[in-house]
Amino acid sequence: MTTPSHLERLNPEQRAAIETTEGPLLVLAGAGTGKTRVLTTRFAHILLSGHAKPWQILAVTFTNKAAREMRERISGLTGETTDGLWLGTFHALCARMLRRHAEYVGLTSSFLILDTDDQLRLLKQVAEPWRIDIKRWPLPGLLGVIQRWKDRGLTPDGVTPAEDSSYADGHARAIYGTYQARLRELNACDFGDLMLHVVDILRTRPDVLEQYHRLFRYILVDEYQDTNTVQYLWLRLLARREGMPSNICCVGDDDQSIYSWRGAEVENILRFEKDFPGARIVRLERNYRSTAQILGTAAGLIAHNDGRLGKTLRPGREDAQGEPVLIVSIWDSDAEAREVCRRIETMRRDGHALGEIAILVRAGFQTRAFEERLVQFGIPYRIIGGLRFYERAEIRDALAYMRVLVNPADDLAFERIINVPKRGVGTAALQKLHAQARTERNGLSSAVETLLTTAAFRGKSQEKLASLMQTFVKQRSVLGREGHVVAVSGLLEDSGYLEMWRNDNAPDAPGRLENLKELVRALADFGTLGEFLEHVSLVMEAEGAAEEDRVSVMTLHGAKGLEFDSVFLPGWEEGVFPSQRTLDEGGDKGLEEERRLAYVGITRARHRAVILHAASRRIYANWQESMPSRFLDELPDEYVEREGDTPTRRERQDYSGYFTDSIFSDSQNSTMAPLVAKKRRTAVHDELVSSAPQIEVGARVFHQKFGYGVVINADRGATEVVFEEAGTRRVMSSYLQTVTS
DNA sequence: TTCCCCGATCTTTTT
DNA sequence: GATCGGGGAA
């Protein structure tokens with residue numbers, strides 16, 4: 001008998017993971033062991049071997065990206081389209097289920113999915129009667145508390161009074177209840193509700209549960225270590241079938257669990273055998289990605305964690321010999337960025353592709369130093385993360401306009417745009433509108449109509465609101481006749497929204513207009529406006545821009561699941577990595593999660609990993625001494641090479657004294673600076689800044705980031721410059737060079 | 001109502 | 001250093 005083509009070139013463990021189709025199965029897949037391949041091949045195998053029809057398999061991922069990748073690979077293996085499959089993110093699949101059974105939780109099938117801005121606006125209204133001290137208890141924090149409850153599958157009734165002790169003076173639970181009631185009135189859901197409501201339905205409606213038990217013969221779960229409690233409950237409800245086997249296959253890696261702060265429970269994966277009796281466990285330990293040195297370093301580090309399921313990565317290739325992992329110690333964070341860029345420049349000269357190089361940082365604030373330095377070196381880069389397309393203010397505004405267009409009763413959207421552009425509607429007018437809406441038992445939109453017939457609005461705002469309402473009416477009829485692209489363009493134009501950005505002198509205004517154009521372009525890919533809005537609320541990312549050869553700069557969290565030939569890991573210092581805050585809040589558990597994050601970072605590299613740490617770091621405005629990360633001491637000596645004079649933590653603690661060399665020395669060969677008194681260093685730094693040449697008004701100058709410009713206002717330190725490209729900005733004069741024109 | 005200045009704050013992030 | 005939100009003045 002010959003091996004079917006989709007099962008060729010798999011190692012024995014991978015084959016076991018794919019061919020064990022019946023009964024519960026946990027696949028512990030270490031980094032780089034072919035996890036996605038196993039997952040997709042398993043899916044294809046179940047189909048090709050005739051175990052199930054395409055729609056009888058439930059396949060769940062966390063991100064849209066992972067879902068998309070699975071779709072592509074499955075259709076590659078089976079040659080079939082993947083339309084209609086139950087394959088998607090937890091939230092997308094739950095949204096689909098909830099649309100079918102919405103009435104069981106008091107919604108209709110056309111319920112609205114709220115984004116974070118909507119949630120906050122709603123919460124603000126709801127929390128108002130409690131008169132919460134917003135300074136002590138900021139609303140985003142309150143929203144976080146509610147979200148954590150939802151992550152744990154707790155409805156307002158399920159939260160015990162004991163759990164509601166601290167936040168918002170013990171009112172969080174009551175506010176949560178009101179918040180949920182308001183959502184129901186609005187026929188709306190937040191992200192947490194998508195899961196929570198479906199679990200609620202599956203628990204209380206045996207007939208519905210039965211229906212899904214018959215439907216889903218096989219369940220596949222990706223990144224099981226990242227599941228939170230509701231997601232776990234959802235899976236358990238669907239997988240445990242009366243009198244039938246639980247054909248659930250969860251793939252994950254307890255060593256890569258890095259999302260506990262947003263509700264993920266590593267315990268879910270650790271408990272798998274108890275939850276599903278008779279479960280088999282397959283370990284994928286052969287790593288085909290990284291060199292033996294990189295794997296050895298990562299393994300040595302992660303061995304310091306307790307309570308692991310136990311798994312050792314082994315090099316999958318015999319020839320996987322490479323360079324040791326390099327640890328570089330550096331003066332300060334500026335020199336660190338310079339050092340990384342210099343190495344990248346050398347690599348580029350040697351013919352390495354920039355797209356195969358990544359700089360992975362612990363926290364967002366670290367990216368800026370690298371960004372500035374990369375610009376200076378002329379190295380193309382891309383920052384991954386940050387604000388995503390659909391999170392930009394102008395995009396959210398435009399989406400709110402669209403939402404009101406399709407649904408005049410969408411109060412949250414209407415409230416967002418009623419005064420954007422300015423129409424003279426402030427808090428006072430808005431309160432009147434809310435009051436009117438309550439008495440009418442109708443939406444804000446109709447309240448505006450009513451109040452327009454009275455003299456409720458003063459002068460200009462009367463006129464502007466009337467015109468806004470007319471625009472909506474007009475474009476709704478255009479929507480019917482000429483389609484959504486024309487209607488939305490007309491709406492954004494006639495409402496004055498585009499005009500607002502055209503008249504804006506801010507340097508980023510043209511970019512925002514460009515984004516809006518892009519948004520309208522994207523509209524054309526969808527049949528209706530409703531379809532587009534559903535897509536946007538579940539898929540927060542815009543379809544990828546063209547892949548170019550650029551260095552990637554991103555957080556360690558953002559890098560999970562990716563791989564690069566070369567990886568730079570800067571900022572391995574106590575307080576930064578491991579992060580002080582995680583240590584304070586999470587104790588030993590927090591430390592272990594940080595260590596897993598370090599493990600994730602190292603295992604992203606195929607051939608080269610360079611870890612850096614600086615003796616002094618500029619955090620926000622001031623310089624801080626920093627000690628090398630404890631993780632550096634945990635890396636096994638046989639696989640690493642230390643460059644620069646790298647004192648251990650203990651040596652460093654014993655040391656005291658003043659530095660003699662210039663801290664701005666470019667030479668990485670100079671002896672390591674001993675601990676520097678903060679005062680002294682800051683003084684030197686200030687001196688350098690103040691000794692920068694005084695720049696006169698009218699002088700033509702050059703700035704690394706903003707380009708050429710003319711000084712219009714000069715002060716000590718801060719200088720106002722009109723840049724040719726970037727508009728008017730206040731910048732540090734020490735960053736300016738005068739240019740003779 | 002809006003604009004401007006001042007002070008407090010400053011993980012990680014997907015859906 | 002930059003940004004965001006609050007509070008005060010026009």
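When reading the values below, keep in mind they use all heavy atoms of this one structure, side chains included, and skip hydrogens, waters and symmetry mates. Protein chains get the first letters and strands the later ones, always in sequence-line order, with residue 1 at the start of each.
- Looking at heavy-atom distances under 4.0 Å, A:N419 makes contact with sugar-phosphate atoms alone, never a base.
- Checking B:dT15, B:dT13, B:dT1 against the side-chain heavy atoms of A:E391 singles out B:dT15 as nearest.
- Heavy atoms of A:E594 sit under 4.0 angstrom from at least one base atom.
- Using a 4.0 Å cut-off, no side-chain N or O of A:N64 falls inside it from OP1 or OP2 of B:dT14.
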Nucleotide N/O of nucleotides 6-9 of chain C paired with protein N/O under 3.5 Å:
none

**Message:** Would A:R416 and A:D115 count as a salt bridge (charged side-chain N to carboxylate O under 4.0 Å, His left out) here? Give the steps.
**Reply:** CA-CA 12 Å; A:R416 181 180 178 111; A:D115 65 26; 5.6 Å; no

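- By the salt bridge (Lys or Arg N to Asp or Glu O under 4.0 Å) test, A:E499 is found to be paired with A:R502, residues two or more places apart in sequence or in another chain being considered.
- Scanning for ring pair (Phe, Tyr, Trp, His ring centres under 6.0 Å) contacts around A:F631 gives A:F577, with sequence neighbours left out.
- Contacts of A:R388 classified as salt bridge (Lys or Arg N to Asp or Glu O under 4.0 Å), with partners at least two apart in sequence or in another chain: A:E391.
- Stacking of the aromatic ring of A:W261 onto the base of B:dT12 is found: the ring centres lie under 5.5 Å apart and the planes are inclined by under 30°.
- For the side-chain contact (heavy atoms from CB on, under 4.5 Å) test, residues two or more places apart in sequence or in another chain that qualify with A:S552 are A:A358, A:R382, A:I384, A:M554, A:F564.
- In this structure, A:T555 reaches the B:dT13 phosphate: one of its side-chain N or O atoms is under 4.0 Å from OP1 or OP2.
- Residue A:T427 has its side chain nearest to B:dT1 when only B:dT2, B:dT15, B:dT1 are considered.
- Taking atom NZ on A:K464 and atom P on B:dT2, their separation rounds to 9 Å, with Å as the unit.
- Residue contacts for A:S537: at a heavy-atom cut-off of 4.0 Å it reaches no nucleic acid atom on any strand shown.
- Distance from the side chain of A:R368 is smallest for C:dA2 among the nucleotides B:dT14, B:dT12, C:dA2.
- Closest to the side chain of A:L538, out of B:dT15, B:dC3, B:dT1, is B:dT15.
- Checking the phosphate oxygens (OP1, OP2) of B:dT1, no side-chain nitrogen or oxygen of A:R423 falls inside 4.0 Å.
- When the side-chain contact (heavy atoms from CB on, under 4.5 Å) test is applied to A:T89, the partners found at least two apart in sequence or on another chain are A:T61, A:N64, A:H91, A:A92.
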